[in-house]
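Scroll down for the structure; my scribbles are underneath it.
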Amino acid sequence: MNLYDHTKIEKKWQDVWESSEPNKVTEDNKKPKFFALIEFPYPSGAGMHVGHIRSNTAMDIIARKRRAEGFNVLYPIGWDAFGLPTENYAIKTGIQPAIITKENTDTFRKQLKAIGFSFDWSREINTTDPAYYKWTQWIFLQFLKKDLAYKKKMTINWCPKDLIGLANEEVIGGCCERCGTKVEKKEKEQWMLAITKYAERLDKDLDDTDFLEKIKIQQRNWIGKSEGAEIDFKIKGSEDKIKVFTTRPDTIFGVTYLVLAPEHTLVEELLSKVSNKHEVEKYIKAVKEKTDIERTDAKTEKSGIELKGISVINPANMEAVPLWIADYVLADYGTGAVMAVPVHDERDLQFSKKYNLPIKEIELLDIKEATDKYGKLITKFKLRDWVFSRQRYWGEPIPVVHCEKCGIVPLPESELPLELPKVENYAPTQNGESPLASITDWVNTKCPTCNGPAKRETDTMPNWAGSSWYYLRYTDPKNSKAFADKKNLEYWGQVDWYNGGMEHTTLHLLYSRFWHKFLFDLGLVSNSEPYKKRTSQGLILAEGGAKMSKSVGNVINPDDIVKVVGADTLRVHEMFMGPFDQAIAWDTNTIAGSRRFIERVWKLHEKVSENAKNKKEEIAVLVHKTIKKVSDDIEEMRFNTAISSMMVLINVLEKQENISKHDYEVLLKLLAPFAPHVTEELWKIMKNDDSIHGGIWPKYDPSRLVESTVTISVQVNGKTRGSFISKIDEDDENVKKTALDMDETKKWVGNNAVKKVIIIKNRLINFVVGFP
RNA sequence: GCUCGGGUGGCGUAAUUGGUAGCCGCGUAACACUUAAAAUGUUAUUUCCUUAUGGAAGUGUGGGUUCGAUUCCCGCCCCGAGCACCA
């Protein structure tokens, strides 16, 4: 018989699928729909990562199973292609980012096709395609119309190496997420999106989703909803009040001083009345010079200064307490002012000790009563508005102009897409302007309203923009009249299952939920949540457990693996390595096991016999059990144990003299989503005309999951001393009698009195005896 | 510090959710096939004591509940991820 030749088989079927497009879907109302989604990749120059394969294969298995279950499955793919690495490469080489992107997507497409994913390639999208980003810009204009996009002068996180402003989410431990450089502060006018307006719903609506619990928790922590009281403290001898926010109004009698953030708007007003004005000004200046990291690190010692000559009145006991400003109070959370209760707050305690402020012991009030009596109930969020500007070239141009007369004027929708102009030099400028600023004939334009001279906005959008709505575009990727046709949006509805990385939980996942809710409010989509279910895969680390990185040189190239053992083996291996949701170190040596498994499946077809005489109950039961196990495990993403159970089955089948066509084909069907090429080939060898991937998912008979005999374990005082084979559901008395007859039982029970007998049906019997 | 995970053979892991701990795979050893090697197949493989037989210990650690605990409860130690002066 012929040997298993993965190169030949995989090439053969990939060619067939390329021309016949079996996974191209249309909106077919006769079938239930299933929308499977993976995060579309950023087509980096490094090519595909084995981590992509882990996520893609998992959803591919689910998509293929759903097809076999009769669903109309949309499993699309595209490119999230705007971004810094491409731009930096362009700066270095002078090659246009669009050309680099084209090369990279070509490579990725080729690599993905070589793994045999069942994507609908006819719906491929690319965020850098003007026909696509036309609609990203269009959605931005809708935000602008609803005043949810606005410009704000603010201190931004500035990366001095990448010369770019970063969103809070992109600052990791005070450093740039991309290059690790320490982030600095810079004053800049920025475009903002008012995600905080949606904070309440983004938090609450998680209740209705089927996201993994840890994903919900992480989003909730990020949104940071907290309920507390807003309480007014009057400034003594003035009508002015200071509003503080506290979650502990019950501690109000313990207030010994009040603290304002150094940036609090009241500070400037109060300065004239302060007796130590000079010192206070000096202190504020010093704080502002500190970087965010120095300022917000909980470990650095707190500092502050008293506003001498000013005191505030505690509304609970009318006591006058001093007013301070301190760097541990944040201007942009709550009201920027806190009441300090050293007995109940660790930070206030530290501060009090440092500056010798009094510490007052108190009895707590009822939290509800205190809120009603002294203030009002209020909800605050940690979530901040989204900094939406980037001073870079390779992003969607923000479609507005600045007119001297009319101010900020949105481009008319008819002028979309506003395409990126070709430039010579992609490098950002030292003064923080986008490279677009230097293209004067593009920048200088006419105001759409008054026709007078105007300048185009030169900031571009962050690369989270295009990915905030891409799944909607898949439903109707070529539409030029709308971002997608209403009918298609309705047909595909919510994404049924979205798998991706945990690192996107507080960025992409939250941003896209926000955009979706906005579109829902405009009546453009019919669900308020984009994703029904969200799961995530664990990282694949390099051998030894370090992160894979190009600079360390420990990156595994999937092409090399495919060449040697084939795509089917690589897919099975990545699913078999370990639990899907846990990080795991790559180990090239163990691939041999997955390869052997596929070779054994291949070889087994020689044992298939039309008149196989195996009517063994043991095998029939095992086949039913395996169908159940594999089916259930795929739903729970326990791919490792699904494969393990197929291995158990083949270990038994191999030992038979011959096997039935039926049993073999069940194995092939179960394996098909994991290893689509080899199973299709074997399906044809079994003389089937149809495709294995179009067929019917195997069913099991629940009544045939157990054998007629079971092994009963015999324990004495909870220790296993022997076992025997019994009829299933044997009468307790008979089980007891058999067990007592055994030599092992006699030996361990001895002459001791049996105090108690515990029988677990079909599993064990335990004799509890008194010790001598 | 807070919030989530996790700790089981030489290694990756599994365990019907309280019921024979170690399935499946890797590796290792011996044997078969071979002139030989590779591949493949067979057998063994938690550790310790024991000639076999047979014992004992054993799921990070210390307690507890139970006839019985990897699983449940309490305390502690390590590892990973996320957040972090959020009042």
Side-chain angles (χ1 to χ4, degrees), chain A residues 172-173 212-218 220-222 224-226 228-229 244-249 251 259 261 295-302 326-330 332-341 344-348 350-351 380-384 502-503 505-506 538-539 541 545 572-573 576-579 581-594 596-597 599-600 603 625 629 638 640-651 654 705 711-723 747 755-769:
Chain A
I172 306 297
L212 284 185
E213 203 50 40
K214 62 175 174 179
I215 294 173
K216 288 190 190 184
I217 290 168
Q218 211 168 299
R220 287 216 158 97
N221 288 345
W222 187 262
K225 179 177 173 171
S226 72
V244 303
F245 175 68
T246 179
T247 51
R248 296 295 306 275
T251 65
V259 198
R295 231 188 101 191
T296 57
D297 189 346
K299 281 173 213 109
T300 57
E301 204 180 322
K302 300 166 196 356
D327 58 356
Y328 77 95
V329 175
L330 307 171
D332 54 358
Y333 181 75
T335 58
V338 302
M339 57 181 223
V341 185
H344 281 283
D345 187 286
E346 186 58 33
R347 293 154 304 180
D348 296 346
Q350 273 179 37
F351 195 78
K380 292 286 176 189
F381 296 91
K382 285 190 210 172
L383 188 69
R384 306 294 146 84
M502 273 315 279
E503 71 276 18
T505 303
T506 53
L539 282 177
L541 304 166
V572 167
H573 174 65
F576 184 61
M577 285 197 300
D581 59 352
Q582 270 170 45
I584 193 160
W586 184 264
D587 183 359
T588 298
N589 296 322
T590 55
I591 297 181
S594 300
R596 277 177 208 143
F597 169 57
E599 282 176 3
R600 287 159 66 196
K603 247 191 234 156
K625 267 187 179 169
K629 179 82 178 138
R638 289 186 304 233
N640 53 333
T641 51
I643 291 167
S644 158
S645 72
M646 288 188 272
M647 287 171 169
V648 170
L649 177 61
I650 200 170
N651 285 347
E654 267 179 343
L705 292 173
T711 307
I712 305 283
S713 158
V714 180
Q715 302 185 340
V716 178
N717 281 348
K719 291 220 171 200
T720 303
R721 297 302 180 184
S723 67
K747 177 179 167 189
K755 290 202 295 197
K756 205 168 161 190
V757 180
I758 290 150
I759 296 179
I760 306 294
K761 208 78 179 152
N762 299 326
R763 227 175 271 284
L764 63 79
I765 176 165
N766 185 16
F767 296 99
V768 184
V769 303

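Everything quoted here is computed from the prediction, not taken from an experiment. Order of the sequence lines fixes the chain letters, A, B, ..., with proteins taken first and strands second; residue numbering starts at 1 for each chain.
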Sugar-phosphate, base or nothing in reach of A:V259, heavy atoms under 4.0 Å: nothing
Pairwise P distance for B:rC79 and B:rG41, with rounding to whole Å: 42 Å
Atom C1', compared across B:rG58 and B:rU8: separation rounded to whole Å: 10 Å
Between CD1 on residue A:I650 and CZ on residue A:R600, distance to nearest 0.5 Å: 5.5 Å
Nearest-0.5 Å distance, OG1 of residue A:T505 to NZ of residue A:K216: 13.5 Å
Sole candidate of A:D345, A:T251, A:V259 that passes side chain to side chain contact (heavy atoms under 4.5 Å, CB included) when paired with A:M339: A:T251
Whole-angstrom distance between B:rG62 and B:rC67, as gauged at atom P: 23 Å
Parallel, tilted or perpendicular: ring planes of A:H573 versus A:W586, cut at 30 and 60 degrees: perpendicular
Pairwise C1' distance for B:rG10 and B:rU47, with rounding to whole Å: 12 Å
Sugar-phosphate only, base, or nothing, as touched by A:V338 at under 4.0 Å among non-hydrogen atoms: base
Pairwise C1' distance, B:rC26 and B:rG19 [rounded to whole Å]: 30 Å
Residues that A:I759 engages under side-chain contact (heavy atoms from CB on, under 4.5 Å), provided they are two or more places apart: A:D732, A:V757, A:I765
Gap between atom NZ of A:K625 and atom OG of A:S645 - 0.5 Å precision: 11.0 Å
Reading 5' to 3' through nucleotides 14-21 of chain B, protein heavy-atom contacts under 4.0 Å coded B for base, S for sugar-phosphate only, - for none: S-B--BB-
Span that lies between the C1' atom of B:rC11 and that of B:rA84, in whole angstrom: 36 Å
B:rG1: pairing nucleotide in any strand, Watson-Crick or G-U under 3.5 angstrom: B:rC83
Touch class at under 4.0 angstrom, heavy-atom based, for A:K214 against every strand present: sugar-phosphate
Pairing partner (Watson-Crick or G-U wobble, both distances under 3.5 angstrom) of B:rU40: B:rA32
Sugar-phosphate, base or nothing in reach of A:D348, heavy atoms under 4.0 Å: nothing
Partner set under ring-ring contact (aromatic ring centres under 6.0 Å, His included) for A:F767, not counting sequence neighbours: none
Per-nucleotide protein contact string for nucleotides 41-49 of chain B, where B marks a base within reach and S marks sugar-phosphate only (heavy atoms under 4.0 Å, - for neither): ---------
Euclidean distance, A:K214 NZ relative to A:D581 CG, rounded to 0.5 Å: 5.0 Å
Short side-chain N/O contact to B:rA87 OP1/OP2 from A:S226, under 4.0 Å: yes
Gap between atom CD of A:Q350 and atom OH of A:Y328 - 0.5 Å precision: 9.5 Å
Distance below 4.0 Å between A:Y333 side-chain N/O and B:rA87 OP1 or OP2: yes
Phosphate contact (B:rC67 OP1 or OP2) by A:K756 side-chain N/O below 4.0 Å: yes
Heavy-atom check, side chain of A:N640 versus side chain of A:M577, under 4.5 Å: no
Separation of the P atoms in B:rC2 and B:rG75, to the nearest angstrom: 13 Å
Under the ring-ring contact (aromatic ring centres under 6.0 Å, His included) test, residues paired with A:F245 that sit two or more places apart: none
Listed nucleotide nearest any side-chain atom of A:M647, set B:rC24, B:rC4, B:rA84: B:rC24
Of the listed nucleotides B:rC24, B:rC85, B:rA84, the one nearest the side chain of A:W222: B:rA84
Closest nucleotide among B:rC26, B:rG25, B:rC4 to the A:T590 side chain: B:rC26
B:rG12: pairing nucleotide in any strand, Watson-Crick or G-U under 3.5 angstrom: B:rC24
Side chain to side chain, A:M502 and A:Q218, heavy atoms closer than 4.5 Å: yes
Assigned glycosidic conformation for B:rG55 [threshold 90° from 0]: anti
Pairwise C1' distance for B:rC74 and B:rG25, with rounding to whole Å: 38 Å
A:R384 and A:D332, any side-chain heavy atoms less than 4.5 Å apart: yes
Nucleotides 52-59 of chain B: which of its N/O atoms have a protein N/O under 3.5 Å away?
from   : atom 1 : to     : atom 2 : distance (Å)
B:rG54 : O3'    : A:K747 : NZ     : 3.1
B:rG55 : OP1    : A:K747 : NZ     : 2.5
B:rA56 : OP2    : A:R721 : NH1    : 3.3
B:rA57 : OP2    : A:K719 : NZ     : 3.0

Nucleotide nearest A:N221 when distance is taken to its side chain, options B:rC85, B:rU3, B:rA87: B:rU3
